[in-house]
Amino acid sequence: GDQLPALAQVLRQFAASYANGLPMLADAQADQRQRRQASHSLRGACASIGARGLVQALEQYESQLAPPELGREIDEQLRALVVAIRAQLD
């Protein structure tokens, strides 16, 4: 069957969920455990849509104990991905 509508729905949901990025990843004041949990959830979502570059960056973020500088880069990449997804779906 045609998988495109289902994929488009997954992408729309991803874009809606992360429309504002995930600025917590770059917040040095936020609890490190919460930042790592947020990273882990985002990593799963990125894996489900095939965003390999972000998955790798998030793995690095988690293994390096959630450095805010890398979190800022990931947040920027995530926002750019959401913009690209929306441009393709609209």
Side-chain angles (χ1 to χ4, degrees):
D2 189 4
Q3 305 255 326
L4 230 44
L7 177 58
Q9 184 56 40
V10 169
L11 290 170
R12 275 192 190 87
Q13 182 62 48
F14 181 92
S17 296
Y18 296 105
N20 298 315
L22 196 55
M24 175 200 281
L25 297 182
D27 184 358
Q29 305 304 312
D31 180 69
Q32 186 183 64
R33 189 175 54 80
Q34 289 178 326
R35 284 187 287 144
R36 289 179 76 179
Q37 285 176 336
S39 171
H40 187 77
S41 295
L42 175 58
R43 184 163 50 101
C46 288
S48 74
I49 66 163
R52 289 189 203 102
L54 270 170
V55 169
Q56 290 173 340
L58 288 158
E59 287 171 349
Q60 185 180 3
Y61 179 82
E62 290 172 37
S63 71
Q64 292 180 7
L65 306 179
E69 317 75 50
L70 181 55
R72 197 167 4 271
E73 290 175 31
I74 290 169
D75 184 52
E76 289 172 11
Q77 289 176 33
L78 176 60
R79 289 169 191 258
L81 177 60
V82 168
V83 168
I85 289 170
R86 288 199 161 144
Q88 291 299 316
L89 292 175
D90 292 341

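Start at 1 with the first residue, then count along the sequence.
Donor-acceptor pairing under 3.5 Å is recorded for the side chains of Gln13 and Ser17.
Considering all non-hydrogen atoms of both residues, Ala28 and Pro68 come closest at CB-CG, 3.7 Å. Considering every non-hydrogen atom in both Arg79 and Gly21, the closest pair reads CG-CA, 3.8 Å. The heavy-atom pair separating Leu81 from Ala51 by the smallest distance is CD2-CB, 3.9 Å.
Under the side chain to side chain contact (heavy atoms under 4.5 Å, CB included) criterion, Ala8 pairs with Arg12, Leu89, not counting sequence neighbours. Residues passing the side chain to side chain contact (heavy atoms under 4.5 Å, CB included) test with Arg86, sequence neighbours excluded: Ala15, Ala19, Val82, Asp90. Scored by the side chain to side chain contact (heavy atoms under 4.5 Å, CB included) test, Ala45 finds Phe14, Tyr18 as partners (sequence neighbours excluded). Scored by the side chain to side chain contact (heavy atoms under 4.5 Å, CB included) test, Ala30 finds Met24, Asp27, Arg35 as partners (sequence neighbours excluded).
Counting only residues at least two apart or in different chains, side chain to side chain donor-acceptor pair (under 3.5 Å) contacts with residues 44-58 are absent. Annotation: side chain to side chain donor-acceptor pair (under 3.5 Å) contacts involving residues 58-70, sequence neighbours excluded, comprise Ser39-Glu62, Arg43-Glu62.
Clustering ILVMFWY residues whenever any of their side-chain heavy atoms sit less than 4.5 angstrom apart, transitively, puts Leu54 in the very cluster that holds Leu7. In terms of hydrophobic clustering, with Ile, Leu, Val, Met, Phe, Trp and Tyr side chains grouped at heavy-atom distances under 4.5 Å, Leu70 and Val55 are assigned to different clusters. One hydrophobic cluster, built from ILVMFWY side chains closer than 4.5 Å, holds both Leu78 and Val10.
Considering only heavy atoms from C-beta on, Leu25 comes within 4.5 Å of Leu58 through its side chain. Between Leu65 and Arg36, some side-chain heavy-atom pair lies under the 4.5 Å cut-off. Residues Gln77 and Cys46 form no side-chain contact, since every pair of their non-hydrogen atoms from C-beta on lies 4.5 Å or further apart.
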Under the side-chain contact (heavy atoms from CB on, under 4.5 Å) criterion, do Ile49 and Leu11 qualify, and how do the steps go? CA-CA 7 Å; Ile49 66 163; Leu11 290 170; 3.9 Å; yes

